[in-house]
There are 2 protein chains.
Amino acid sequence: MAPKVNRKTEIIKSATLLFSQDGFDRVTVKRLAHAVGISEPALYRHFKSKEAIYEAVLESIQDRLEYTQLFESLKDEPDIEVVLAEMANHIIEFFTLNIDLYRLLLYSALRGHEKAKHVFQIVRGTYIKFLQKQLDRLHSEGRIVEKRNDITARCFIGMVFDCSLGSTLWRGFQGKVHDPKEVVDNNIPIYVRGLKT
Amino acid sequence: MAPKVNRKTEIIKSATLLFSQDGFDRVTVKRLAHAVGISEPALYRHFKSKEAIYEAVLESIQDRLEYTQLFESLKDEPDIEVVLAEMANHIIEFFTLNIDLYRLLLYSALRGHEKAKHVFQIVRGTYIKFLQKQLDRLHSEGRIVEKRNDITARCFIGMVFDCSLGSTLWRGFQGKVHDPKEVVDNNIPIYVRGLKT
DNA sequence: TATTGTAGTTAGCGTTAACTAACATTCCTC
DNA sequence: GAGGAATGTTAGTTAACGCTAACTACAATA
């Protein structure tokens, strides 16, 4: 009856969406099964537990990320403005295409799920570590002033992540929701002027 | 038998802590009752439902906030560095004293609870609006450069909030957790240099 | 053709959640 | 000190959850 797609992938896709919308606890296995178009026990053919589905969702997130091209193109960039702008755009674009992910990760991190925290740390940490390395390099080249680059990197990436979240979290609420790109365009020059020698 | 404290207040206090630790859904009424030292039905004497307890928790958060003194002292401050530093310290201090709150608010906002979103918007929005007003003033006094001050304010406050959250959220994880004060001390000069005329 | 594995179904088990009925005790007020 | 409100208890009910038992349909292959 059901069309012959890859059920496992289909389940992960639906689960990612549902978990990010309502959180792990408020998504029932029944609802998830119906979202895929099968019955509950059929779902258990593919995953041994609800938790296992969740684990698979987290695994799949890591696969969706692709930084190598970005990092390659920025590793010798002399202009701090270009480094910051391209990293910010990369993050924003990713979360625009995968709006569910940041919500899901944050949700899970708040819940204290160890694996989710781990994934979040990897996603966020990869950007932070790379930016820190670039800041170190740009300082050693005499292009930017001396700073605690680990902290600067953490804050900049944090700001960009926060903006990405904000645009999905606050939609329809009193506080104005700015386009993340607009936000970054306004703030990167502040950082640049604050950092350049 | 029970000591004659104000039970309602006591319940709200326990509920705030538990909800912020585990989220609304993972806190059972039974657990909450035991945390207070009474039985489940006794708790229902004071609140008509679990949701009602949650509403009361949200109400109480607004009471805990106190900005007027801070705002009064900064409304004519000529130095952007002082404005940013004192606002940041105020937020950080508040969340250090009430570590549960930001988690709870964010948790609830993700869950989509309208009232929680509203409270979060008020807490965050009050800081942002005040900062924006000060940036407008400082610009009109010729002390800082022209910017989209709504965005600048939103990002700065977002950064501070993010740091406050980070210190409770990521504790014990691979990514270094910086002391929020240390973070602010490193980054405010960047903003200041980026903004000053 | 018989066998086997995969993917589905219906019906229901065991547990736990929120909440309630009915009754007991304490405490304030007259 | 009697009465009533406030605050507590024990022992449930109901509904929903995660998950399973038992069985079925079907395609691929020996």
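Convention: sequence-line order gives letters A, B, ...; per-chain numbering from 1.
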- [ ] Take the protein atom CG of L32(B) and the nucleotide atom P of dA17(C), then report the distance between them rounded to whole Å.
- [x] 13 Å
Open item on the list: Can a donor-acceptor pair be found, under 3.5 Å and without considering hydrogens, that links the side chain of R154(B) to the backbone of Q132(B)?
Closed with: no
TODO: Round to a whole Å and report the spacing from CD1 of I38(B) to P of dT26(C).
DONE: 16 Å
TODO: Measure the distance from NE2 on H46(A) to C1' on dG5(C) and round it to the nearest whole Å.
DONE: 13 Å
Write down the protein N/O and nucleotide N/O pairs, taken from nucleotides 15-19 of chain D, whose separation is under 3.5 Å; answer none if there are no such pairs.
unit_1, atom_1, unit_2, atom_2, d
dG18(D), OP1, K50(A), NZ, 2.8
dG18(D), OP2, V29(A), N, 2.9
dC19(D), OP2, Y44(A), OH, 2.7
dC19(D), OP2, K50(A), N, 2.9
dC19(D), O5', Y44(A), OH, 3.4
dC19(D), N4, E40(A), OE1, 3.1
dC19(D), N4, E40(A), OE2, 3.1

Task: Distance in angstrom units between H34(B) NE2 and dA18(C) P, rounded - done: 13 Å
Show me, pair by pair, the donor-acceptor contacts under 3.5 angstrom made by side chains of residues 11-20 of chain A, not counting sequence neighbours?
unit_1, atom_1, unit_2, atom_2, d
T16(A), OG1, I12(A), O, 2.6
S20(A), OG, T16(A), O, 3.2
S20(A), OG, L17(A), O, 2.8

Task: cation_pi(R64(A), F94(A)) dist<6.0 Å, angle<=45 - done: no
Task: Carboxylate-amine/guanidinium proximity below 4.0 Å for D150(A) and R148(A) - done: yes
TODO: Can you tell me the distance, in whole Å, between the CG atom of L43(A) and the C1' atom of dT9(C)?
DONE: 14 Å
TODO: Send over the distance from E10(A) CD to dA7(C) P, rounded to a whole Å.
DONE: 12 Å
Task: Nucleotide dA6(D), atom C1' - distance to CD1 of I11(B) in whole Å - done: 13 Å
